[in-house]
Amino acid sequence: MMIATTSCFGMWIPRSTMFTDFTASVFLAVLIHKFQLMLVNECGGRREFLSTFGDTKLKISTGPFCCCCLCLPHKDINRKTLFILKLGTFQFAFLRPVLMFLAVVLWTNGTYMIGNSSAEKATIWINIGVGITTITALWAVGIMFNLVKDNLKEKNIIGKFAVYQFTVILSQLQTSIINILGTTGVISCVPPLPGPSRASYMNQQLLIMEMFLVTVICRVLYRRRYDDKNLLENQETNDNLRNSMMHLNGKALEDGPQSV
């Protein structure tokens, strides 16, 4: 819903596109890092994760970074390996907002221009940095998912990962393609909007509808159903504890203050 909300503001106020993109980028960066942490927590935490997969070899030849490098060796799973995987998404959660904030500052100064691929401008270099950090984070999440997907099938982890992938593709790849079409003139200008502004307007309309559907699907996948038997046992335990506390408090009042 955060991406859909920022898209609404960007559609209503066209000049706020850089600020809405910055807000959506911060949210997406934190989302990717939190998704990887969720994979570890769903396995029972760090210690349980290491004890479960300690004898398993980690396959690092996965997409989108090394999907064609099948000759890469498999790594042992230990604390150092887990720390490196977490670092792969944490760097994205830290560097992506920093780079986008720098882009906003340069845009206000006229140095950063969307669609300008000239080597003399900062646009191309910031976009390259964003692309490298994004691919590295997606690579770390892909490695972690391939490791735990068989153990977390009953928790709808495949569906959750698919929704996560759709969110990244729609908010990043789709936006890049439409912006390129707008800057190259494929999406023509329609007064009062020029080509790039019309492309951004179309992309924001698509994101509002797409993110609404993604939100509904996430509601279904992430909603956890508890067993009625467990709920009844928990309720009985709480009632017994409450009755014991009331009995002890009543007894203390009847006995009165103890003499010293």
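All of these numbers come straight from a predicted model, not from anything done at the bench.
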Closest non-hydrogen atom pair, Leu152 against Leu39 = CD1-O, 4.0 Å

message = Could you walk me through whether Ile217 and Val214 satisfy the side chain to side chain contact (heavy atoms under 4.5 Å, CB included) test, starting with their C-alpha distance in whole Å, then the side-chain angles of each, then the deciding distance to 0.1 Å, before giving a yes or no?
response = CA-CA 5 Å; Ile217 297 174; Val214 169; 5.6 Å; no

note = Residues Thr17 and Thr20: closest non-hydrogen pair is O-OG1, 2.8 Å

request  = Locate the shortest heavy-atom distance separating Ala137 from Phe92; write the atom from each residue and the value.
outcome  = CB-CB, 3.5 Å

key: Exceeds 12 heavy-atom contacts within 6.0 angstrom, atom CE of Met38   = yes

query = Does Lys160 make a cation-pi contact with Tyr222, if we ask for NZ or CZ under 6.0 Å from the ring centre and within 45° of the axis?
reply = yes

request  = May I ask whether Leu173 and Met202 are part of the same hydrophobic cluster, defined by side-chain heavy atoms of I, L, V, M, F, W, Y residues being less than 4.5 angstrom apart, directly or through others?
outcome  = yes

For a quick test of your reading: what N or O donor-acceptor pairs under 3.5 Å do the side chains of residues 45-53 make, sequence neighbours left out?
unit_1, atom_1, unit_2, atom_2, d
Ser51, OG, Arg47, O, 3.2
Ser51, OG, Glu48, O, 2.9
Thr52, OG1, Glu48, O, 2.7

Shared hydrophobic cluster, Phe166 / Ile157 (ILVMFWY, side-chain heavy atoms < 4.5 Å) = no

query = Given the rule that I, L, V, M, F, W and Y join up when any side-chain heavy atoms are under 4.5 Å apart, are Val30 and Met144 in one cluster?
reply = no

task = Quick one: closest heavy-atom pair of Lys153 and Asp150, and the distance?
result = CE-OD1, 3.7 Å

request  = Mark yes or no for whether Gln91, through its side chain, and Gly88, through its backbone, hold a donor-acceptor pair below 3.5 Å.
outcome  = yes

Worked check of side chain to side chain contact (heavy atoms under 4.5 Å, CB included) between Leu207 and Glu210 = CA-CA 5 Å; Leu207 282 177; Glu210 292 163 351; 3.8 Å; yes

message = Would you say Arg96 and Ser25 are linked by a side-chain donor-acceptor pair, where the criterion is simply a distance under 3.5 Å?
response = yes

query = What's the spacing between Thr167 OG1 and Met2 CE if we round to 0.5 Å?
reply = 13.5 Å

key: Results of side-chain contact (heavy atoms from CB on, under 4.5 Å) for Ile178 - residues two or more places apart only   = Gln174, Ile187, Ala199, Asn203, Leu206

ask   = When the ring centroid of Phe19 is compared with that of Phe22, is the distance short of 6.0 Å?
value = no

inquiry  = We want to know whether Ser200 and Gln204 form a side-chain donor-acceptor pair, criterion being a heavy-atom distance below 3.5 angstrom.
reply    = yes

inquiry  = Looking at Asn78 and Thr81, would you say the former's side chain and the latter's main chain have a donor-acceptor pair under 3.5 Å?
reply    = yes

task = Would you check, one step at a time, whether the test side chain to side chain contact (heavy atoms under 4.5 Å, CB included) holds for Gln205 with Met11?
result = CA-CA 7 Å; Gln205 287 180 319; Met11 185 177 61; 3.4 Å; yes

message = For residues Ile132 and Ile124: do they belong to one hydrophobic cluster (side chain heavy atoms under 4.5 Å, members Ile, Leu, Val, Met, Phe, Trp, Tyr)?
response = yes

task = Kindly compute the distance separating CE (Met1) from CZ (Phe27), expressed to the nearest 0.5 Å.
result = 10.0 Å

ask   = Where do Leu85 and Gln36 come nearest, in terms of heavy atoms and distance?
value = O-NE2, 2.8 Å

key: Audit row: Phe212, Met209, side chain to side chain contact (heavy atoms under 4.5 Å, CB included) steps and yes/no   = CA-CA 5 Å; Phe212 173 77; Met209 296 182 291; 5.8 Å; no

ask   = Would a 4.5 Å heavy-atom cut-off, applied to side chains only, mark Leu82 and Val40 as touching?
value = yes

task = Could you tell me whether a side-chain N or O of Lys155 sits under 3.5 Å from a main-chain N or O of Glu42, the two making a donor and an acceptor?
result = yes

ask   = Given side chains that start at C-beta, do those of Met100 and Val26 come closer than 4.5 Å, heavy atoms only?
value = no

task = Check whether any side-chain heavy atom of Thr134 sits under 4.5 Å from a side-chain heavy atom of Trp139, and report yes or no.
result = no

Beyond-backbone contact of Phe94 with Thr133, side-chain heavy atoms, under 4.5 angstrom = no

Cys8 SG to Ile13 CD1 distance, which is reported to the nearest 0.5 Å = 11.0 Å

ask   = So how far is it from Ile32 CD1 to Phe90 CZ, rounded to the nearest 0.5 Å?
value = 14.5 Å

query = Quick one: CZ on Phe161 to CG on Leu221, what's the gap to the nearest 0.5 Å?
reply = 13.5 Å

request  = Taking all non-hydrogen atoms of both residues into account, name the closest pair between Val148 and Cys43 and its distance.
outcome  = CG1-SG, 3.8 Å

task = Find the distance between CD1 (Ile208) and CG (Leu213) and round it off to the nearest 0.5 Å.
result = 12.5 Å

ask   = Given the rule that I, L, V, M, F, W and Y join up when any side-chain heavy atoms are under 4.5 Å apart, are Leu95 and Leu106 in one cluster?
value = no

